[in-house]
Enquirer: 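The following block contains the structure, expressed as structure tokens.
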Amino acid sequence: MSSDSPRFRAVLDQFVGYTPGKAPSPAAGRTFKLTSNESPYDPLPSVRAVIASAASQVNRYPDNTAAELIDAIATRFDVPPAHVAVGCGSVGIAQQLLEAVGEPGAEVVYAWRSFEAYPYLTDLANATSVPVPLVDARHDLPAMAAAITERTRLIFVCTPNNPTGTAVTGAELTAFLDQVPPDCLVVLDEAYVQYVRDPQVPDGLTVYAGRPNVAVLRTFSKAYGLAGLRVGYLVGHEPVAAAVRKTMLPFTVNSIAQAAAIASLAAEPELLERVELVVKERDRVRHEMRGQGWSVPPTEANFVWLPLADRSAEFVAHCDAAGVSVRPYLPDGVRVTVADPEANDAFLTAAASYPDRV
Ligand SMILES: *Cc1c(COP(=O)(O)O)cnc(C)c1O
């Protein structure tokens, strides 16, 4: 039997790929893109200079082992270089991890709603998603532990959780990890760790240290402001880091990204001052939103979550008309990135003129 088009895996038939955040519609005056949790600040001059100089060598392949970057990460976080692996953003590493465990029958547990890449990367890796509903916008770790079977190969714990902003506490995480079998990998996705201020929320690097089946995913995209260059890293024990290296596409982290990431670690104090400004703005935005009568869960990230349910699309359109682009997650709610004060004020003004509250 011949078919009139090339044949692909059935999983692609219902496939919904990643939908990036929209840019604002053109409007009078300044517009604001609050859809992608990016840093609102331009790259630091010191980082820009390194990027420009790395550009002069792009006729050469990058260092496939990213040795200098891995050493810089290992030194900065006081972990062995053999515990570090890098990838094309932390989403690239998530894909490599799923590639390393995925086979028919393998189960991947994650909270839902959470990072939208988890479901489709799990599908692509030939594994089965086991989503566990959030409770009050937070991970339900006891329910996630109960969802583990002998087929569970990987569990994502996204903390702070994208898109709801809530983070898991140390006590919750310890109780959970004590129930996970040693052959099942737990990935703490800490894309927003630099924005955490709640002292009850642990640093994943202190958690992974004593647990061979725990790994931490981090990125240069958000707090370090390198989203356009695509570089993230994993810290995990040697077999985990080795699996990530084996599943890496050759030369996946380009030379400009490697150089810029090293420069960003060198400039970290300056970058963290910017993070501090965003944290202050986050607390102000949540406070003012609550003052306007909205329900906004606590957030430890650089965004706020509005559980608007069936009014989500209308609210997004309302903000868009005011030149502020925010991200719908239908049918649950809307995520709004916290940026610089002018952008946040534009959002708060738009929200204030929306008639309904939750
Ligand atoms: C933004 C984000 C990432 C990945 O970002 P990269 O740009 O691929 O490094 C990973 N996890 C979560 C939860 C995110 O929100």
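Both backbone and side-chain heavy atoms feed into the values below; hydrogens, waters and symmetry mates do not. It should be emphasised that the depicted structure is a prediction, and the values quoted were computed from it without experimental measurement. Ligands are counted one by one from 1 in listed order, and the atoms in each one are counted from 1 as well. Note that the numbering runs from 1 along the sequence shown for the chain.
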Enquirer: The criterion is side chain to side chain contact (heavy atoms under 4.5 Å, CB included); which residues satisfy it with A49, sequence neighbours excluded?
Expert: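 Testing A49 for side chain to side chain contact (heavy atoms under 4.5 Å, CB included), a comparison that skips the adjacent residues, returns none.
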Enquirer: Applying side chain to side chain contact (heavy atoms under 4.5 Å, CB included), can you list everything that pairs with Y120, at least two apart in sequence or on another chain?
Expert: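 Only F15, Y18, A117, L124 meet the side chain to side chain contact (heavy atoms under 4.5 Å, CB included) criterion with Y120.
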Enquirer: Starting from the N and O atoms of ligand 1, collect every protein N/O partner closer than 3.5 Å and put each pair on its own line with the distance to 0.1 Å.
Expert:
unit_1, atom_1, unit_2, atom_2, d
ligand 1, 7 (O), S221, OG, 2.5
ligand 1, 7 (O), R230, NH1, 2.7
ligand 1, 7 (O), R230, NH2, 3.3
ligand 1, 8 (O), S90, N, 3.2
ligand 1, 8 (O), V91, N, 3.0
ligand 1, 8 (O), R230, NH2, 2.7
ligand 1, 9 (O), S90, N, 2.6
ligand 1, 9 (O), S90, OG, 3.2
ligand 1, 9 (O), T219, OG1, 2.5
ligand 1, 9 (O), S221, OG, 3.3
ligand 1, 11 (N), D189, OD1, 3.1
ligand 1, 11 (N), D189, OD2, 2.8
ligand 1, 15 (O), N162, ND2, 2.7
ligand 1, 15 (O), Y192, OH, 2.5
ligand 1, 15 (O), K222, NZ, 3.2

Enquirer: Do any pairs count as a ring-ring contact (aromatic ring centres under 6.0 Å, His included) and have a residue in residues 271-291, sequence neighbours left out, and if so which ones?
Expert: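 Every candidate ring-ring contact (aromatic ring centres under 6.0 Å, His included) pair involving residues 271-291 fails, so no pair, neighbours aside, qualifies.
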Enquirer: Could you walk me through whether Y354 and E314 pass the side chain to side chain donor-acceptor pair (under 3.5 Å) test, one step at a time?
Expert: CA-CA 10 Å; Y354 186 76; E314 189 189 80; 2.5 Å; yes
Enquirer: Is the distance from the ring center of Y110 to that of F115 below 6.0 Å?
Expert: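 No, too far apart.
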Enquirer: Less than 4.0 Å between a side-chain N and a carboxylate O, is that true for R197 and E276?
Expert: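 Between R197 and E276 there is a salt bridge, with a charged N closer than 4.0 Å to a carboxylate O.
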